[in-house]
Amino acid sequence: PTPSSHHSPLTTHLSRLRISFVQGETPRCLCRFTSGAVGLCDLSKRTWQRFGSAAHTDTVFGAAYQPGAPDVLATCSFDGSVRLWNGKTGKFAATLRGHVGAVYQLAWSGDSRLLASGSKDSTVKVWELKSRKLKEDLPGHADEVYSVDWSPAISTSPSMSDMLMSESPNATDIGSLSRKAEEAAL
């Protein structure tokens, strides 16, 4: 085969990989694969650790470490689930189910007690970490939700501590979605 037509197994494998660099005491990167696997590479030690046997069954699209707690990692996948892991050991902790389509992105609330997920099913779901249960289902998009994020509110009132923002190609009323998310955070 010619060099341009030949793909080594490594090249093929890397073409199905997403990498996120992890902030912390040691240089690490989180690797997510189209196969559903998740792993952590310690760049200083040059070691690789695959996360648990409870891998997703389809492409892992998003991952987010809990702010201030590098031992809690959430991942989301085209398989429609959100999974929680020990971000240091790779041990599986829980599966959060409720979406009926691919889950594209995750975002932790500022106080780290809630996790938002945006999905192909046109919803944002808000999960409570402590109970590992769905706290709020936030429909209101006419299309898939590709992006979610929490941002500090202008008011310092405890009831206005966080607001949820989301984005879809045909977003409807983000203001009412934010107010509903704020009520869910109470």
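As the structure is a computational prediction, the values presented were derived from the model and not from experiment. All residue numbers in this chain count up from 1 along the given sequence.
A distance-only check finds a donor-acceptor pair linking the side chain of S122 to the backbone of D143 [under 3.5 Å]. Side-chain atoms of W127 never come within 3.5 Å of backbone atoms of L114 as a donor-acceptor pair (strictly under, hydrogens ignored). With W108 contributing its side chain and A64 its backbone, the two residues share a donor-acceptor pair below 3.5 Å. Not one N or O on the side chain of Q105 forms a donor-acceptor pair closer than 3.5 Å with the backbone of G118. No side-chain donor-acceptor contact under 3.5 Å links S117 to the backbone of L106. T59 places no side-chain N or O within donor-acceptor distance of the main-chain N or O of F61, the cut-off being under 3.5 Å.
Contact annotation: the side chain of V145 never approaches that of S119 to less than 4.5 Å [non-hydrogen atoms, C-beta and beyond]. Taking the side chain as every heavy atom from C-beta outward, V72 and N86 never approach each other to under 4.5 Å. A 4.5 Å side-chain heavy-atom check between K125 and L138 finds every atom pair outside the cut-off. Looking only at side-chain heavy atoms (C-beta outward), H99 and T123 come within less than 4.5 Å of each other. Using a 4.5 Å cut-off on side-chain heavy atoms (C-beta onward), P67 and S112 make contact. Counting heavy atoms from C-beta outward, L30 and Y65 have side chains that approach closer than 4.5 Å.
Cluster annotation: L129 and L134 are assigned to the same hydrophobic cluster (Ile/Leu/Val/Met/Phe/Trp/Tyr, side-chain heavy-atom contacts under 4.5 Å, transitive). V148 and V103 fall into different hydrophobic clusters, where Ile, Leu, Val, Met, Phe, Trp and Tyr side chains are chained together by heavy-atom contacts under 4.5 Å. Tracing side-chain contacts under 4.5 Å through hydrophobic residues (I, L, V, M, F, W, Y), one reaches L73 starting from V60; they form part of the same cluster.
Note: C29 SG to L40 CG = 7.0 Å, rounded to the nearest 0.5 Å. Interatomic distance, NE2 of H56 versus CZ of F78, reported as 12.0 Å (0.5 Å rounding). Rounded to the nearest 0.5 Å, atoms CG (L84) and CG (L115) are 7.0 Å apart. Going from atom CZ of R113 over to atom CD of E128 covers 7.0 Å, rounded to the nearest 0.5 Å.
In terms of heavy-atom proximity, L96 sits nearest to R132 at CD2-O, 3.4 Å. Taking all atoms of both residues into account, the shortest heavy-atom contact from A55 to A37 is CB-CA, 4.2 Å. Of all non-hydrogen atoms in D149 and A107, the two that sit nearest each other are CA-CB, 3.8 Å.
For the residue pair E144 and Y104, a side-chain donor N or O sits within less than 3.5 Å of a side-chain acceptor on the partner.
The list of salt bridge (Lys or Arg N to Asp or Glu O under 4.0 Å) pairs with a residue in residues 94-104, not counting sequence neighbours, is empty.
Relative ring orientation between F33 and W48 is described as perpendicular, the plane-to-plane angle rising above 60° on a 0-90° scale split at 30° and 60°.
Partners of D79 according to the salt bridge (charged side-chain N to carboxylate O under 4.0 Å, His left out) rule, which considers only residues two or more places apart in sequence or in another chain, are R83.
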